[in-house]
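Structure, as structure tokens:
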Amino acid sequence: MAAGSKFFFPEHFGYVILTGISSCCLNLWLAANVNRARRKFEVQLPIMYSQSSTEFNCIQRAHQNFLETWPQVIMLLFFSGMRYPRISAGFGVTWLLARVVYALGYYTGDPSKRNRGMFGLVPLLGLFGGAFAFACQELGWIKAL
């Protein structure tokens, strides 16, 4: 149990929590970039995409793609982190860095440059494996390492 906690969390689980909080900060940064682009390219809400600006659409898609994957990643992060907190936090931080690289590539206005952030699939698979292993251990199907 972590010091001072009324709940059971494994030692070092604070790193997992900080990684989750960092993902919220990334979401805010991506959203702020979309808001700046809305003003720059004069795309008013509730319009999601511009008919005339590929650059705006790329900025919007970078944020939208983050939102499409974020819930799964957070779930995998927290469940994987229950058994493997440090490695899960490392995977989570690497995924966040990949999302920044993905966004910055997309922000160029050339959608193919977003592929620079595809290395984020590796930590995503790591989090999936950790969460799956944790579930199997909790069910007694395999022994905890």
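Numbers for residues simply follow the sequence, beginning at 1.
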**Item:** Verdict with reasoning, W95 to F66, per ring-ring contact (aromatic ring centres under 6.0 Å, His included)
**Value:** CA-CA 11 Å; W95 182 80; F66 174 82; 5.7 Å; yes
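- In terms of heavy atoms, L67 sits closest to P71 at O-CD, 3.3 Å.
- Ring pair Y102/Y106 is perpendicular by interplanar angle, where above 60° counts as perpendicular and below 30° as parallel.
- F9 is connected to I74 through a chain of hydrophobic side-chain contacts under 4.5 Å among Ile, Leu, Val, Met, Phe, Trp and Tyr, so both are in one cluster.
- Applying the salt bridge (charged side-chain N to carboxylate O under 4.0 Å, His left out) test to every pair with at least one member in residues 89-98, sequence neighbours left out, gives no pairs at all.
- Every residue two or more places apart in sequence or in another chain that forms a side chain to side chain donor-acceptor pair (under 3.5 Å) with N27 is listed here: H63.
- Listed by chain and number, the residues in a ring-ring contact (aromatic ring centres under 6.0 Å, His included) with F56 amount to none (sequence neighbours excluded).
- Taken from CG in L30 to CG in N35, the straight-line distance is 11.5 Å, to the nearest 0.5 Å.
- By the 4.5 Å side-chain criterion applied to Ile, Leu, Val, Met, Phe, Trp and Tyr, V101 is assigned to a cluster that also includes F119.
- Shown here are the side-chain contact (heavy atoms from CB on, under 4.5 Å) partners of M75, two or more places apart in sequence or in another chain: F79.
- With sequence neighbours left out, Y49 forms a side chain to side chain donor-acceptor pair (under 3.5 Å) with no residue at all.
- Note: the hydrophobic cluster containing L124 does not contain V93 (ILVMFWY, side chain heavy atoms under 4.5 Å, direct or indirect links).
- In terms of modelled atom types and a separation under 3.5 Å, the side chain of R38 and the main chain of V43 share a donor-acceptor contact.
- Summarising the local packing, CD of E138 is surrounded by more than 12 heavy atoms from other residues, nucleotides or ligands at distances under 6.0 Å.
- From N65, atom CG reaches atom CZ of R114 across 8.0 Å, with rounding to the nearest 0.5 Å.
- Residues that satisfy the side-chain contact (heavy atoms from CB on, under 4.5 Å) test with S22, not counting sequence neighbours, are L96.
- Among residues two or more places apart in sequence or in another chain, the side chain to side chain donor-acceptor pair (under 3.5 Å) test is passed with S88 by S80.
- When all heavy atoms of P85 and E11 are compared, the pair lying nearest together is CG-O, 3.2 Å.
- Take R116 and apply the side chain to side chain donor-acceptor pair (under 3.5 Å) test, not counting sequence neighbours, and it matches no residue.
- There is a path of hydrophobic side-chain contacts, each under 4.5 Å, that joins V73 to L26.
- A search for ring-ring contact (aromatic ring centres under 6.0 Å, His included) contacts involving Y84 returns nothing, not counting sequence neighbours.
- Listed by first and then second residue, the ring-ring contact (aromatic ring centres under 6.0 Å, His included) pairs involving residues 120-145 amount to none (not counting sequence neighbours).
- Screening residues 49-71 for salt bridge (charged side-chain N to carboxylate O under 4.0 Å, His left out) gives K40-E55, R61-E68 as the qualifying pairs, with residues at least two apart or on separate chains.
- What you find for S53 and S50 is that their closest heavy atoms are N-OG, 2.9 Å.
- Of the inter-residue distances, the one linking I87 atom CD1 with L127 atom CG reads 9.5 Å to the nearest 0.5 angstrom.
- Among all heavy-atom pairs drawn from G81 and F13, the shortest one is O-CD1, 3.4 Å.
- Scanning both residues, L77 and G92, for their nearest heavy atoms gives CD1-CA, 4.3 Å.
- The OG1 atom of T54 lies 11.0 Å from the CD1 atom of I59; values are rounded to the nearest 0.5 Å.
- The two residues W70 and S23 make their nearest non-hydrogen contact at NE1-OG, 2.9 Å.
- To the nearest 0.5 Å, atom CG of residue L28 and atom CG of residue N33 are 11.0 Å apart.
- Between F78 and I17 there is a side-chain heavy-atom pair separated by less than 4.5 Å.
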